[in-house]
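A short worksheet on the structure shown next.
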Number of protein chains: 2
Amino acid sequence: MKEKKVTLKSLSHSLGISVSTISRVLNGLGEEYRISKETISLITTTANKLNYSPNNIAKGLRLKRSSTIGLIVPDITNTWFAHLALGIENQARKHNYNIFLCNSNDDIKVEKKSITLLKNWMVDGIIIAPIGIEAEHLIKASKTGTPLVLIDRFFEGVDLPYIVSNDFEGALEANQYLINNGHKRIACFQGLVDTSTNNQRLSGYKKALKTNKIPFDTELVTGSDFGFNSGYICAKKLLKNLAKTKVTAIFSMGNQITLGILKAFKEEGIKIPEDISLVTFDEQIYSDLLLTPLSTVSHMNENLGDLALKMLLDQIDMNDTKKPKNVILKSELIIRESVKNLMHKK
Amino acid sequence: MKEKKVTLKSLSHSLGISVSTISRVLNGLGEEYRISKETISLITTTANKLNYSPNNIAKGLRLKRSSTIGLIVPDITNTWFAHLALGIENQARKHNYNIFLCNSNDDIKVEKKSITLLKNWMVDGIIIAPIGIEAEHLIKASKTGTPLVLIDRFFEGVDLPYIVSNDFEGALEANQYLINNGHKRIACFQGLVDTSTNNQRLSGYKKALKTNKIPFDTELVTGSDFGFNSGYICAKKLLKNLAKTKVTAIFSMGNQITLGILKAFKEEGIKIPEDISLVTFDEQIYSDLLLTPLSTVSHMNENLGDLALKMLLDQIDMNDTKKPKNVILKSELIIRESVKNLMHKK
DNA sequence: ATCAATTGCGCAATCGTTTGTGCAATTAGA
DNA sequence: TCTAATTGCACAAACGATTGCGCAATTGAT
């Protein structure tokens, strides 16, 4: 019932030609090794007929590389990362690479495990959106010969190539926009604390306040991670203390957080922007179609995947020749209807 | 600079103990092979100290399996598949399996390539949401020893284990609901033609019409695939012919299609449900938060990934002992505000 | 006719594991 | 003291591919 897998050896047997010759021919080295035309065509045709295709595992063991790259993201259900993954995968296919996918769930333990796992699979390189609070394992991986590209988050003072969004500018612009519309009490709904993404966006928020001489109130910064629940819970809490805090606008650092906010608001009958204004990071395909079309900071880039993969392949090919240039993607503020202008009220 | 990888051989060298003994000890076979306590503890401690971890590729070659399972989905950016992938991956990690991810882009050629690729990686099994129009390669893969689980789509008359949603019932219920609200001219926005998903949902639509003695009008069925653009284009077309077709409601077969519709409607100033009613497949986390909260058919299942993986692992472990039981997941109609009741008008 | 160069391909090692078998040294039994 | 059983581990083949090297047979030069 089970057909035997066709291998070089089985081909060798049925053709009466040595394994090495067959291997060379199928790798296009026939000419170079002066294999005769007839032998070459004999080998290629029967290989095709028998549907031979090489065992990647054996190949990997011998060559000490696997034509595979590892991708570690916190959460593939986050559309931002899903788009990233799709882009990388499509691009990888063109270069005959394949993708090993790992979700880290924003858990540093899982991330570490994934790294060693991928190394044991001899991946040729790793693209990772790191948790962001620890870099030792990444530095080590890079030093021991696994090219690395960080994406979305980076480490200050750590020399690993990265592609990130301009989170600082994005946050600055978003908050300046709120301030321009007369908002002074702006709640900041943050994501995972101490990640570069969060730090940068927080800095942008603070910078906007500072340049406009608005005092920074640490109580207005809440949130624990980039998830739906974090947004939902903080929004409920916000509403309770509204009288005290006098918040008129929210700056949300992520799309899942924002959905949590919207859910809470819907339950409590709060209207955007009539009751509270909102600007959020992460443009989504549906941002425009929500009850209130949202003003968003867009930092989605169509060819982000291409870029990341190219950066990695360069490292793989160039063998440490020169350092890759880090990339900081521009972000763009898309203005819709979720911010109320308080200036008219003077 | 580059530290050498620690292998069994290098351990053997530094300990003066043979490779085979070390291998056995590290695989927990020390007792069985009567290796002395001292040797065992010596080996385990130094292995830990030197941070040994086995090379998966070499292991795979020797064992002819890889502790890896392949996952093929049409499009990882579709949240339904992303959730599936996340579930499978988390569950797989618990069983010490890893995931090889492939996007097929709903392209049968890519799907076929992915299958051979995964087989060449000696994956222990494959979970696939197939394009759905051809099964030969899948049957062959299954016959040649790669356990397979189909998900989301199946093939009539083909004996491959599957997990699917009850698309027929879901569509039937959705359309019955429209009809109960007085709609008789219902446009059907379909997905990829000839896939089981599409066929089943279409059958449900037709069945609802038939039992209510509403004639089936082939002109009311449009759409080419499950993407945003398909919905957008068809919606625009629909609006042009509205006077002629007298459509009062739309049954949409997918969330991306629906977003396309909403976009088109927004551009044309069409209101839901005042101007046109809408029921759609695929509950989303934001379905409730759109301009008009959508009535949806929910067939997302939290533990779908667990289920699929379990089904696959059973096959892997049991070695053809018995056939797995196919699973048909229930769907649920969630009623919100996107359907207008025409009955009051009498 | 002799020797060197070329042609055409095969041998065998190697990658890092696992595993069936074998073998020396120790202990036990008589 | 001699044989048999047990203890404790090592040898070597295998998985399927790649690759440096070598060697016989043919061809060409003198």
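Note that the structure is predicted; figures quoted are calculated from it, not measured.
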Ignoring backbone atoms, establish whether [X] has a side-chain N or O less than 4.0 Å from OP1 or OP2 of [N].
{"X": "A/T7", "N": "D/dC15", "answer": "no"}
{"X": "A/T39", "N": "C/dG8", "answer": "no"}
{"X": "B/K64", "N": "D/dG16", "answer": "yes"}
{"X": "A/Y33", "N": "D/dG22", "answer": "no"}

Length of the [atom1]-[atom2] vector between [X] and [N], whole Å:
{"X": "A/N55", "N": "D/dC15", "atom1": "CG", "atom2": "C1'", "value": "8 Å"}
{"X": "A/L29", "N": "C/dC9", "atom1": "CG", "atom2": "P", "value": "15 Å"}
{"X": "A/K9", "N": "C/dG10", "atom1": "NZ", "atom2": "C1'", "value": "16 Å"}
{"X": "A/R65", "N": "C/dC15", "atom1": "CZ", "atom2": "C1'", "value": "13 Å"}
{"X": "A/M122", "N": "D/dA17", "atom1": "CE", "atom2": "C1'", "value": "13 Å"}

**Q.** Which residue lies more 5' along DNA chain C, comparing B/A58 with B/R34 via nearest heavy atoms
**A.** B/A58

Q: For residues 69-94 of chain B, pull every pair meeting salt bridge (charged side-chain N to carboxylate O under 4.0 Å, His left out), keeping only residues two or more places apart or in separate chains.
A: B/E89-B/R93

Q: Any salt bridge (charged side-chain N to carboxylate O under 4.0 Å, His left out) involving residues 110-123 of chain B? Give me the pairs, sequence neighbours left out, ordered by first then second residue.
A: B/K112-B/E134

Q. Just by modelled atom types, is the A/D107 backbone N or O under 3.5 Å from a matching donor or acceptor in the A/N105 side chain?
A. no

Q.
So, under a plain 3.5 Å distance rule, would you say the side chain of A/R24 forms a donor-acceptor pair with the base of C/dG8?
A. no

How long is the straight-line distance from [atom2] of [Y] back to [atom1] of [X], given to the nearest 0.5 Å?
{"X": "B/L29", "Y": "B/S23", "atom1": "CG", "atom2": "OG", "result": "7.5 Å"}
{"X": "B/N120", "Y": "A/S67", "atom1": "CG", "atom2": "OG", "result": "12.0 Å"}
{"X": "A/D317", "Y": "A/L312", "atom1": "CG", "atom2": "CG", "result": "9.5 Å"}

Q) If each of B/I35 and A/I57 is mapped to the nucleotide of DNA chain D with the nearest heavy atom, which maps nearer the 5' terminus, i.e. the 5' end? A) B/I35

(Q) Any residue in residues 14-22 of chain A with a heavy atom nearer than 4.0 angstrom to DNA chain D? Just list them by number, or reply none. (A) A/V19, A/S20

Q | Side-chain donor-acceptor pair present, B/S20, B/S18, cut-off under 3.5 Å | A | yes

